[in-house]
Amino acid sequence: MAQRRTPFGDRARYWFDSTLARGASALVGWMALLCLAVVVPASAVVVWTDPDAPASLPDRLAQVWHLTGQTLRLGGATGTPLRVVMSVLLALVALLYVSTLVGLITTALTERLTALRRGRSTVLERGHVVVLGWSEQVFTVVSELVAANANQRRAAVVVLADRDKTAMEEALSTKVGPVGRTRLICRSGPTTDPAVLTLTSPATAGVVLVLPRDEPDADAEVVKTLLALRAALAGEATRPPVVAAVRDNRYRLAAGLAAGPGGVVLESDTVTARLIVQAARRPGLSLVHQELLDFAGDEFYLVSEPALAGRPFGDALLSYPTSSVVGMVRGDTTLLNPPPQTPIAADDLLVVISRDDDTAWPADCAEWVEKAAMASGPATPARPERVLLLGWNRRAPLMIDQLRLRARPGSAVDVVADGGEGTVRQVSEAGAHHGTDLPLTLHQGDVTRPETLRRLDVHAYDSVIVLGQDPAPGEPQDDPDNRTLVTLLLLRQLEEATGRELPVVTELIDDRNRALAPVGPGADVIISGKLTGLLMAQISQNRHLAAVFEELFSAAGTGIRLRPAGDYVLPGCETAFATVVAAARQRGECAIGYRSHDDASTSPGYGVRINPPKSERRRWTTEDEVVVVGRD
């Protein structure tokens with residue numbers, strides 16, 4: 001059988017491709033032939049159409065050669081063959097040199113730009129903040145650091161994560177916005193590699209923050225990152241303070257050991273559970289926490305005041321017109337809301353809430369106190385509380401533990417969950433662990449179904465806590481707040497149907513879903529990752545605040561409370577805030593602000609006013625609340 005003949009075009013194309021595959025020399029040869037095939041005929045046309053062209057053929061050919069040489073930069077010399085050959089040789093050498101030089105420069109620039117895009121150059125900064133890891137918390141941390149550095153001339157924040165540098169810069173630019181004077185620098189690479197960590201110059205940093213990733217094995221990676229950081233700083237004379245966060249208490253000890261003696265390790269799940277329970281007991285408390293933790297308003301500072309040495313702590317409460325004193329730091333011990341008669345030592349630092357570190361100036365505020373306006377009756381008695389927990393996640397047992405620690409006689413907790421085998425076991429273990437101090441009842445049902453909520457008398461509860469669902473092991477959850485948003489929508493429908501407002505506290509994972517949540521703008525919404533980010537940013541500016549926050553957010557210690565204003569001043573009486581401070585001092589508390597019932601829906605802070613001037617006068621009502629630092 002006769003073989004089919006290959007078309008000439010296909011054979012020519014194959015031969016051409018084969019010659020190109022031989023390398024750069026073949027490509028240069030083809031380019032030379034192509035140039036000659038175009039330049040020589042074009043030069044001949046130019047010469048033959050020139051009226052002043054030589055008459056003889058040799059002279060015209062010489063003119064064509066000269067024009068071709070000028071076009072291809074081959075010299076174009078005429079004369080003896082040797083002269084022409086040498087001219088072409090010199091031109092080829094010059095062409096080769098220039099081409100090679102241009103190629104080397106282009107390659108070097110390309111490699112340099114690629115390295116810069118990959119974020120592999122070493123940061124040469126001093127006193128900068130290093131953020132290791134990437135999660136939703138990074139946007140909160142960077143935003144707060146930018147706000148804290150607003151009055152700094154040379155501030156820098158370096159973010160290192162195993163992500164593309166350009167993608168990180170775009171994400172931070174979109175979510176953080178303008179950074180003002182702060183320089184934001186991103187570097188790409190694994191945070192668990194000591195060689196990569198040196199790109200951030202941790203030895204010269206002011207502080208290093210280690211963020212956990214949004215994955216199940218995040219805590220183990222935090223510990224490994226801390227070990228890598230210790231290896232990267234081996235041999236350094238000084239080491240920067242380290243602030244890290246883990247989710248599970250089982251990893252806190254290991255993380256603390258890896259962070260070193262000066263390190264601070266936060267347990268994000270426990271902090272979140274504590275704040276959710278506190279907000280459930282006193283609606284509106286999450287707004288107070290937000291005001292105190294971000295750098296947009298008043299925050300905590302440590303100040304020294306030698307003029308108060310030897311005087312009782314109670315005198316300090318009315319010694320700052322524009323700042324609120326809440327405690328002392330004595331050596332390594334933090335004393336929040338100590339007894340008013342506690343003497344202030346010369347080397348003690350006062351813990352104050354102020355607009356800035358230079359706005360805490362002393363002056364006597366006793367002249368604004370009106371004793372006739374102070375309430376003298378007993379405090380409003382605490383009553384039993386019924387809490388409804390909608391949903392179940394890994395933080396739910398921690399919340400039940402927090403509720404048990406301060407449970408009043410007659411209190412109870414009801415849990416509504418889907419009734420899966422794992423959930424039933426965890427609820428049973430929580431009930432068995434807590435015993436009879438806090439009765440715990442499980443109602444099986446899907447909280448995203450209307451019939452489940454209709455079977456419950458939700459208005460009979462003092463607070464309703466809506467929790468998100470943890471993703472199943474090995475199954476990533478794209479949006480962990482989907483079920484929470486559906487549950488909130490059903491609760492809003494019940495509110496509209498009955499005309500009665502529900503005391504709902506919502507836990508969200510993603511801060512972007514806050515705008516989607518069908519709740520009022522002043523409702524208690526706890527963003528777990530954002531809270532941890534705010535705490536880390538605050539501690540990064542002053543590591544002594546770690547002990548302050550540990551005490552404030554503890555379950556049984558001194559914390560932030562909302563009390564009825566009638567416990568401090570006579571309802572309907574107009575008086576200065578200094579009177580409230582003096583009344584709180586008599587009860588062994590530190591008054592730091594109030595929540596106005598009349599302004600709850602109209603003011604930017606939803607009625608919450610932290611650290612008002614002692615001279616500020618207002619008429620107090622029975623619906624108003626006073627924000628104090630004290631014990632239950």
Discussion item. Within this structure, what is the CG-OG1 distance for the pair Asn337 and Thr342, rounded to the nearest 0.5 Å?
Written reply: 9.5 Å

Fill in: Asp624 and Thr621: side chain donor to acceptor below 3.5 Å
yes

Item to complete: List the steps and the verdict of side-chain contact (heavy atoms from CB on, under 4.5 Å) for Asp269 and Asp248.
Response: CA-CA 7 Å; Asp269 279 1; Asp248 196 327; 5.9 Å; no

Item to complete: With side-chain contact (heavy atoms from CB on, under 4.5 Å) as the test, would you mind laying out the steps for Gln541 and Glu144 before giving the verdict?
Response: CA-CA 10 Å; Gln541 301 301 299; Glu144 294 303 311; over 6 Å; no

Fill in: Under 3.5 Å: donor-acceptor pair, side chain of Arg543, backbone of Val264
no

Worksheet item: Is a side-chain N or O of Lys614 found less than 3.5 angstrom from the main chain of Ser323, in a donor-acceptor match?
Response: yes

Practice prompt. Could you tell me if the ring centre of Trp620 sits under 6.0 Å from that of Tyr568?
Written response: no

Practice prompt. Scan Val628, Ile592, Leu317, Val369 and name whichever one has a side-chain contact (heavy atoms from CB on, under 4.5 Å) with Val581.
Written response: Leu317

Fill in: Sequence neighbours excluded, every pair satisfying salt bridge (Lys or Arg N to Asp or Glu O under 4.0 Å) that has a member inside residues 488-501
Arg492-Glu495

Worksheet item: Just wondering, are more than 12 heavy atoms of other shown residues or ligands nearer than 6.0 Å to OH in Tyr251?
Response: no

Worksheet item: Does the pair Ile344 and Met328 meet the rule for a side-chain contact (heavy atoms from CB on, under 4.5 Å), with working shown?
Response: CA-CA 8 Å; Ile344 301 176; Met328 301 185 303; 3.8 Å; yes

Worksheet entry | Heavy-atom closest contact (Leu453 atom, Val458 atom, distance) | O-CG1, 4.3 Å

Worksheet entry | Expected output: side-chain Arg274 to main-chain Gln402 donor-acceptor under 3.5 Å | no

Worksheet item: How many angstroms lie between CG in Leu285 and NE2 in His289, if you round to the nearest 0.5 Å?
Response: 4.0 Å

Worksheet, complete the sentence: When rounded to the nearest 0.5 Å, the distance separating CG of Leu508 from OG1 of Thr484 is 6.0 Å

Discussion item. Could you tell me if His459 and Thr498 have a donor-acceptor pair between their side chains, going purely by distance under 3.5 Å?
Written reply: yes

Practice prompt. Sort out for me which residue in Arg514, Lys530, Arg512 forms a salt bridge (Lys or Arg N to Asp or Glu O under 4.0 Å) with Glu136.
Written response: Arg512

Fill in: Shortest non-hydrogen contact from Gln137 toward Pro212
OE1-CD, 3.5 Å

Practice prompt. Could you tell me whether the side chains of Thr359 and Ser354 share a donor-acceptor contact shorter than 3.5 Å?
Written response: yes

Discussion item. For Pro571, is there any backbone N or O sitting under 3.5 Å from a side-chain donor or acceptor partner on Thr622?
Written reply: no

Practice prompt. Taking all heavy atoms of Leu488 and all of Thr506, pick out the closest pair and write down the distance.
Written response: CD2-OG1, 3.2 Å

Worksheet item: Just by distance, do the side chain of Arg585 and the backbone of Gly314 share a donor-acceptor pair under 3.5 Å?
Response: yes

Discussion item. If you apply the rule side-chain contact (heavy atoms from CB on, under 4.5 Å), what do you find for Leu145 with Ser540, and how did you get there?
Written reply: CA-CA 9 Å; Leu145 292 175; Ser540 70; 3.6 Å; yes

Discussion item. Please find the pair of heavy atoms, one from Pro321 and one from Pro362, that lie closest to each other, and give the distance.
Written reply: CD-C, 4.3 Å

Worksheet item: Looking at Asp315 and Arg311, does any basic side-chain N land under 4.0 Å from a carboxylate oxygen?
Response: yes

Fill in: Check: Gly468 main-chain N/O paired with Asn393 side-chain donor or acceptor under 3.5 Å
yes

Discussion item. Can you list everything that forms a ring pair (Phe, Tyr, Trp, His ring centres under 6.0 Å) with Phe577? Sequence neighbours excluded, please.
Written reply: none

Worksheet, complete the sentence: The reported gap from OG1 in Thr575 to CD in Glu370 (rounded to nearest 0.5 angstrom) is 3.5 Å

Discussion item. Any side-chain to backbone donor/acceptor pair from Glu551 onto Thr558? Under 3.5 Å, distance only.
Written reply: yes

Worksheet item: Once you round to the nearest 0.5 Å, how far does CZ of Arg561 lie from CD of Gln278?
Response: 5.5 Å

Discussion item. Is it the case that the side chain of Asp481 and the backbone of Ile509 share a donor-acceptor pair, with hydrogens and angles ignored and the cut-off at 3.5 Å?
Written reply: yes

Worksheet, complete the sentence: Exactly one of Arg386, Arg383, Arg281, Arg282 clears salt bridge (Lys or Arg N to Asp or Glu O under 4.0 Å) with Asp462, and that residue is Arg383

Worksheet item: Of Leu390, Val416, Thr487, which is the lone residue that meets side-chain contact (heavy atoms from CB on, under 4.5 Å) with Val464?
Response: Leu390

Item to complete: Can you establish whether the number of heavy atoms outside Asp358 located under 6.0 Å from its atom CG is more than 12?
Response: yes

Item to complete: To the nearest 0.5 angstrom, please state how far the CD atom of Glu291 sits from the CG atom of Leu293.
Response: 10.0 Å

Practice prompt. Measure the shortest side-chain to side-chain distance between Phe549 and Ile539 over non-hydrogen atoms and say whether it is less than 4.5 angstrom.
Written response: yes

Worksheet item: Between Arg618 and Ser596, is any side-chain donor less than 3.5 angstrom from a side-chain acceptor?
Response: yes

